[in-house]
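Start at 1 and go down the list; that is how both ligands and their atoms are numbered. Because the structure is predicted, anything quoted here is derived from the model rather than measured.
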Amino acid sequence: MDLSRTAEKIIEILEMTYPDAPATYLDHSNPFEMLIVTILSARVTDAGVNKVSPTLFGRYPTPEKLGHANPIEVGKIIRPLGSYNKKAEYITKTSRMLVENFNGQVPTAMDDLITFPGVSRKTANVVLSVVFGLSEGVVVDTHVMRVTVRLGLSEHDKKPDKIERDLMALLPEEQWNDYARLIGAHGRRTCKSRRPDCPGCTLNKICPSAGLFS
Ligand code: SF4
């Protein structure tokens, strides 16, 4: 089986394995909140962000309110996330830019999204896929990075940009979001960082790393 066919087969199997795999593990109730929590999620777990976001949005529920907030007060709320001064600046400035440049609405173009502070291409890809169902690339987070290399779909261990390019070449565009969503679920539930459950894995017949971890 060539690698493209293998990648598509992996998606087919994982669709049956995780029919409930969510598009994101970051709690949010509108595009504005998704943009902000995605910025906050840099180098921290989604669960950590979910702990502080209810307080943040309870106090500052709109781009207008967060844009006018004192970054020091915002920093106190998001302190458990680390780099809180910088992240407070990012999200208050992003909120002001949303109001001033985009009428308070989250834009749908990659070129617009990456103008916000703290928004990388990867962050923008997450927002575009989760909020708008659009894909301008494959979201390569820590789970997608680890599992993709274990599955032999890329040799570029710990190089997310190169892994993304490999996946974009292997899969048709309409499958980029599904791949990231399903591999994210697989990485969290089965192919975990330290102890992947190879015997219980539905991919163990086609995975070149099956059994290497026992
Ligand atoms: Fe991960 Fe093991 Fe499954 Fe391969 S067989 S995807 S290494 S859990």
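- Annotation: protein N, O or S atoms under 2.8 Å of atom 2 (Fe) of ligand 1 (waters excluded) comprise C198 SG.
- The distance from ligand 1 to the heavy atoms of L151 drops below 4.0 Å at these ligand atoms: 6 (S).
- Look at K192 and you'll find every heavy atom at least 4.0 Å from all atoms of ligand 1.
- A salt bridge links R5 and E12; the closest N-O separation between the charged side-chain nitrogens and carboxylate oxygens is under 4.0 Å.
- A donor atom on one side chain and an acceptor atom on the other are not found under 3.5 Å apart for S95 and T92.
- Taking the ring centre of Y18 as origin, the terminal cationic atom of R181 falls outside the region bounded by 6.0 Å and 45° from the ring axis.
- For atom 6 (S) of ligand 1, the closest heavy atom belonging to the protein is H186 NE2, 3.5 Å.
- Side-chain contact annotation: H186 with R189, donor-acceptor N/O pair under 3.5 Å absent.
- Ion pairing between a basic and an acidic side chain is recognised when a charged N comes within 4.0 Å of a carboxylate O; R188 and D46 show such pairing.
- For E64, the side chain to side chain contact (heavy atoms under 4.5 Å, CB included) partners two or more places apart in sequence, or in a different chain, are T62, V99.
- For the residue pair T17/T202, the side-chain donor-acceptor check at 3.5 Å is satisfied.
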